[in-house]
Amino acid sequence: MQTVPRSAVRLLPGPFLSAQATALDYLLSLDADRLLAPLRREAGLPPVAESYGNWESSGLDGHTVGHALSGAALMSVVTDDPRPRVMVERLVQGIVECQDALGTGYVGGIPDGVRLWQRVAAGQVERDSFELGGAWVPWYNLHKLFAGLLDAHRYAGSDLALTAVRRLADWWDQLAAGMDDDTHEAMLRTEFGGMCEVLADLADVTGTDRYAALARRFLDQSLLRPLQEHRDVLDGMHANTQIAKAVGYQRLGEVARDPGLRGAARFFWQTMTRHRTFSFGGNSVREHLHPRDDFSSALQSPEGPETCNTYNMLKLSRALFLEEPDAEVLDHYERATVNHILSSLHPDGGLVYFTPVRPGHYRVVSTPQDCFWCCVGTGLENHAKYGELVYTTEGNDLFVNLFIASRLSRPEQNLVLEQTGTAPYDNQVRLVVRGAPAVPVAIHLRVPSWHEGTPQIHINGTPPEHGPTPLTIRRGAGEQSLTYVRLERRWCEGDTVTMRLHPRISAELLPDGSPWVSFRFGPSVLAAEGDRKDLVGLFADDSRMGHVASGPLRPLEHLPVVLARNSSDPAADVRRLASDGLAFALERVDAPPGETITLVPFAGIHSSRYHLYFPLSEPERLHERRAELRAADEAALALHDRTVDAVAAGEQQPESDHGFQGQDTWSGLTDGLRWRAATGWWSYRLTDPDGTATGLQVIHLSDVSAGPTRVLVDGHALATLPASPGSEGEEISRLFPFDADGSAGPIEVRFEAVGPATTIRLREVRLVR
C-alpha cells in the first residue's frame, strides 16, 4: 500500500473536523517566544519572553517546542489556514538562531545541556530509568526537536529546518564517536524517545548512510533480542519507552531493509494489541505495563492508559499496514483513533493524559497556558493526523480504508472524491465524484469486521450492473480477512456510491479473560455516563501532579452488574433506543431500582465520570460476585482515603513528579514489579497540603542480600529497616508513625544505605493520615 500526500485529504464536517479545529485553536494559542525561551536561555541569548511553567520549567524544558513544530507543520498541509505555516517559520528561525549562537550544531532547552552532553559523551553515564547524568530524560526531550525539524521540512517544505536537523545529528555523531558501544547501550536505560526512528527518517530523507548507523546505535538490544526471539518480557516496563523503541525498529528496518527488525516490531505490536490493550485502544496503568494475565490494577487505579502510548502505537500500526495490509492492524488503528484519540481532546479545548479504566472515575483536562505534559505535546500532533490512513493506493487503484468524512484530491488522475458520513454516527457511506478521471479507476471500499451482513452497494441509486459485487480479499498476519468491495468503471462527475452500514453490537472481556465486559457499536466503544460530582482538578493547574484525577474513588461494590449465562452473549441484551441515534439500553443488568443504564459512544463523554467496563456475572452468582467486588475494593478504598501523598518507587513519572534526587541509586524489575535500591541514597518530596499526615507507610521486597536502610523525614531519622525477612521477593509493608506539627507543605523522605550493602528494594512510600 502507498499513502496519499497528507495535503490531498481535507476533513469534512463531522466529529473529526471539529476536533481538528479545536486542536488548531489550542496550538495557535501558544506563544512562540515562550516556547523558544528555554532554547534561548541555554544558548546564552537574552530573553525575549518568559518560559512557560509546569514541565517546561522543571527539567523537561523545551520539549514542547518540537511537538508544536510538528503540529504546526502537519496543520499547514491538512488545513487551508495560513497561520500554522507562519508558526513553523517562526519556530524554525528561532531554533536556528539558538543553534547559531552555540556554534556546535547542538540546540535544546535541556537545563545545562551543553555540559550534560559533554559528560555523557565522556562516559559519565550515571543512568536511571528516567535520569541521565542528572537530567530528566534528555534524549526523550531532544528527540522532539529532531522530529519537529524533520516534520517542518517534510510537510512545510522548510530547507532551513533540514539544515538545522542535519547539524544537530552531525553534532551528536562527532560527540559520540569516542563512546564505546557498551557505554552507549548503557545510556539507553534512560528513556530516549524515538531517536532510532528519527535518525532512520533522516537517513531516508538525505540518503546518508551515516545517519542510519547512528540510528542503529539507538536500537536498545535489551528489548530487541527477546522480541526477535518472540519472547514477551514487557511486564512492569514503562510502556511508552518500549513503544517508541518498536517504532524505531520498524522504521530502521524499512530504511535498512532489515527483516529482523521489522519482525521484532510486528511481534511487539501483536503482543501489545492482543494481550495488553483495552477495548478503546489504550494500554498501561500508571504508565507501566502490568502483568498480561492480571488486569486488576487497572480496575483500581485512577491512572489508566496514557495518550502518548496510543500516539506511538498508531505510528507503528500505520507503518505495519502500509508494509502488509492486515485486517487486525487496520481494526486496531481505527479503534484507537475513533475512541482513545478522539476522546482525548475536550470540545472546549484541553488534552487528556490518563484515561482511567476504573469504573466511575474521570479524566483530567489540560489548560493551554498552564499544562505542558508529554500528552499535551503529542496532542498538538494527534488531531492533525485523522486523514492519514483514510485513503491509500496501489498503482491507479484507490482504497477507502476508514469511514471519516473527507475529500480526496488526486490531480494526477483528475480525481476528486468526497466521502460524507462518519461511522458509526451515520448509517451509510456516501462517495461523490467531484472530479472525474479520463480512464477507468477501481475504487475499493473496505468491509469492516464490525459490519453485519452482506454489503449493500449502490451506484447512482442502483446496484452495480454486473450482478453481485466482487470482493477483494487480502490476508495478513491476523486471523481476519481484510475485505474490500471493488468498483471499477469510468467515473463521471456527480457519480455517487452509497454503502449501507450495519454496525454490530459486540461485547469484549478484558484481555486477561476476567469477568469484566465492555461494549462496542461498530468501531465505537460504548460507555455509561456517570455523575459530575467531586471532579477534583477537572481542568488542571500547573502543579506537577495536576494530570492525575485525584478525586474520590467510587466503590466497585455498587456498580451495575451485567447478567449473562455461560452460553449467552452479553451484547444480545444491549438494545438500541432509536434507529437514528447512538444511545443504547443495557437491559440484562442488576442495578439500583429504577436506574436505567444507557450506553453512548465514549468519545462523546466529557467532564463526567464514566463506566467503560462492567462486572459480569451469572445470575445465580450475583451475591458472590458483589462480595468479590467488595473484598477487592475495600482495602484499596480505605488506603486511598488515608493517603495524603504517595510515590511508586522505580516508576518514571511518579518519581519525577515528586522531586526525585539520589546518588548511587538505580531502579529495577522483579517479576513485573518496579523497585528502587541504592548503595548511596535517594529522596522524594511528598506533599502534605493540609498538614494531616501522621505516618509513613513503606512497602518493599524481601531481599536477603540487602543491608540496613535508614529512613529520614525532613532530615530526621525516623527508622532503620533491618535486612528483609520473609521469602525472597515477597512484598513487606511497614508503617512508621511520626510526630506531626500540623503544618502544611512538602516533606522530604530520604532512604540511605547504612554500610556497604545495598538498601531495601523499595516498592512504594506513602504519607498517611
Side-chain angles (χ1 to χ4, degrees), residues 128-130 188-191 220-227 229-246 264 267-278 282-306 308-309 313 354 356-358 509-514 516 632 635-636 639 646-656 665-677 698-706 724 726-733 758-766:
D128 200 0
S129 58
F130 68 91
L188 303 185
R189 283 190 57 188
T190 300
E191 184 180 12
D220 187 12
Q221 300 293 331
S222 68
L223 179 65
L224 177 60
R225 291 192 190 101
L227 291 179
E229 297 166 0
H230 285 198
R231 289 191 291 118
D232 179 358
V233 295
L234 299 175
D235 285 0
M237 287 189 172
H238 185 258
N240 199 39
T241 299
Q242 318 317 317
I243 302 169
K245 293 175 189 177
F267 175 73
F268 175 89
W269 184 94
Q270 292 169 346
T271 298
M272 289 290 292
T273 58
R274 294 175 183 177
H275 305 295
R276 299 180 177 279
T277 298
F278 297 97
N283 61 74
S284 79
V285 177
R286 293 201 316 268
E287 300 193 7
H288 288 73
L289 294 168
H290 48 78
R292 57 187 271 179
D293 60 354
D294 183 5
F295 275 61
S296 59
S297 61
L299 299 166
Q300 294 287 349
S301 178
E303 299 174 49
E306 179 187 358
C308 281
N309 297 7
M313 283 299 295
F354 290 129
V357 176
R358 181 183 175 93
L509 295 179
L510 280 171
D512 65 352
S514 58
W516 290 85
L639 183 59
V647 184
E651 293 190 4
Q652 176 170 308
Q653 207 53 51
E655 289 196 324
S656 61
T665 178
W666 60 92
S667 62
L669 183 65
T670 300
D671 295 331
L673 301 176
R674 306 291 311 185
W675 49 263
R676 176 167 294 284
V698 174
I699 299 177
H700 63 96
L701 297 181
S702 177
D703 182 359
V704 296
S705 65
S724 308
S727 304
E728 185 74 10
E730 176 186 354
E731 284 196 326
I732 297 170
S733 179
T758 62
T759 63
I760 57 166
R761 289 180 289 171
L762 180 71
R763 288 271 296 123
E764 178 185 89
V765 59
R766 186 179 295 263

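Index from 1, following the sequence.
Here Arg231 pairs with Glu229 under the salt bridge (Lys or Arg N to Asp or Glu O under 4.0 Å) rule; sequence neighbours left out. Judged as a ring pair (Phe, Tyr, Trp, His ring centres under 6.0 Å), and not counting sequence neighbours, the contacts of Trp269 are His332.
Taking NE2 from His275 and CG from Asp293, the interatomic distance works out to 11.0 Å, rounded to the nearest 0.5 Å. Between the CD atom of Gln652 and the OG atom of Ser667 there is a distance of 9.5 Å, given to the nearest 0.5 Å. Atom CZ of residue Arg763 and atom OG of residue Ser733 lie 11.5 Å apart, to the nearest 0.5 angstrom.
Considering every non-hydrogen atom in both Ser296 and Asp294, the closest pair reads OG-OD1, 2.7 Å. Of all heavy-atom pairs spanning Phe295 and Asp512, the tightest one is N-OD2, 2.9 Å. Between Ala246 and Phe268, the shortest heavy-atom distance links the atoms CB-CD2, 3.3 Å. Nearest heavy atom pair, residue Ser284 against residue Ala239, reads CB-CB, 3.7 Å. Across every non-hydrogen atom of Ala298 and Phe278, the tightest pair is CB-CZ, 3.5 Å.
Under the 4.5 Å side-chain criterion, counting only non-hydrogen atoms from C-beta, Arg676 is in contact with Glu655. Counting heavy atoms from C-beta on, the side chains of Gln221 and Leu188 never come closer than 4.5 Å. Here the side chains of Pro511 and Thr277 are not in contact, with every heavy-atom distance at 4.5 Å or above. In this structure, Trp666 and Thr758 have side chains that are in contact, with non-hydrogen atoms separated by less than 4.5 Å. No side-chain heavy atom of Leu673 sits under 4.5 Å from any side-chain heavy atom of Arg761. Side-chain atoms of Ile732 and Ile760, non-hydrogen and from C-beta on, never get closer than 4.5 Å to each other. When side chains are defined from C-beta on, Ile243 counts as touching Asn283, because their heavy atoms get closer than 4.5 Å. Val233 has its side chain within reach of Leu223: a pair of non-hydrogen atoms, C-beta onward, lies under 4.5 Å apart.
The side chain to side chain donor-acceptor pair (under 3.5 Å) with Asp235 is formed by just one residue from the set His290, His288, Arg276; it is Arg276. For the side chain to side chain donor-acceptor pair (under 3.5 Å) test with His238, the passing option among Gln653, Glu287, Arg674 is Glu287; the others fail.
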Inset, instruction - For side-chain contact (heavy atoms from CB on, under 4.5 Å), just list the numbers for Trp675 and Glu731, CA-CA rounded to whole Å, side-chain angles, deciding distance to a tenth of an Å, and then say yes or no. - result: CA-CA 11 Å; Trp675 49 263; Glu731 284 196 326; over 6 Å; no
Legend entry - side-chain contact (heavy atoms from CB on, under 4.5 Å) evaluation trace for Asn240 with Glu191: CA-CA 9 Å; Asn240 199 39; Glu191 184 180 12; 4.3 Å; yes
Legend entry - side-chain contact (heavy atoms from CB on, under 4.5 Å) between Asn309 and Met272, worked out: CA-CA 11 Å; Asn309 297 7; Met272 289 290 292; over 6 Å; no
Inset, instruction - Test Leu234 against Arg292 for side-chain contact (heavy atoms from CB on, under 4.5 Å), laying out the working first. - result: CA-CA 9 Å; Leu234 299 175; Arg292 57 187 271 179; over 6 Å; no
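Formation of a donor-acceptor pair under 3.5 Å by the Arg358 side chain with backbone atoms of Gln300 is found in this model. Remark: side-chain polar atoms of Ser301 are paired, donor with acceptor, to backbone N or O of Glu303 under 3.5 angstrom.
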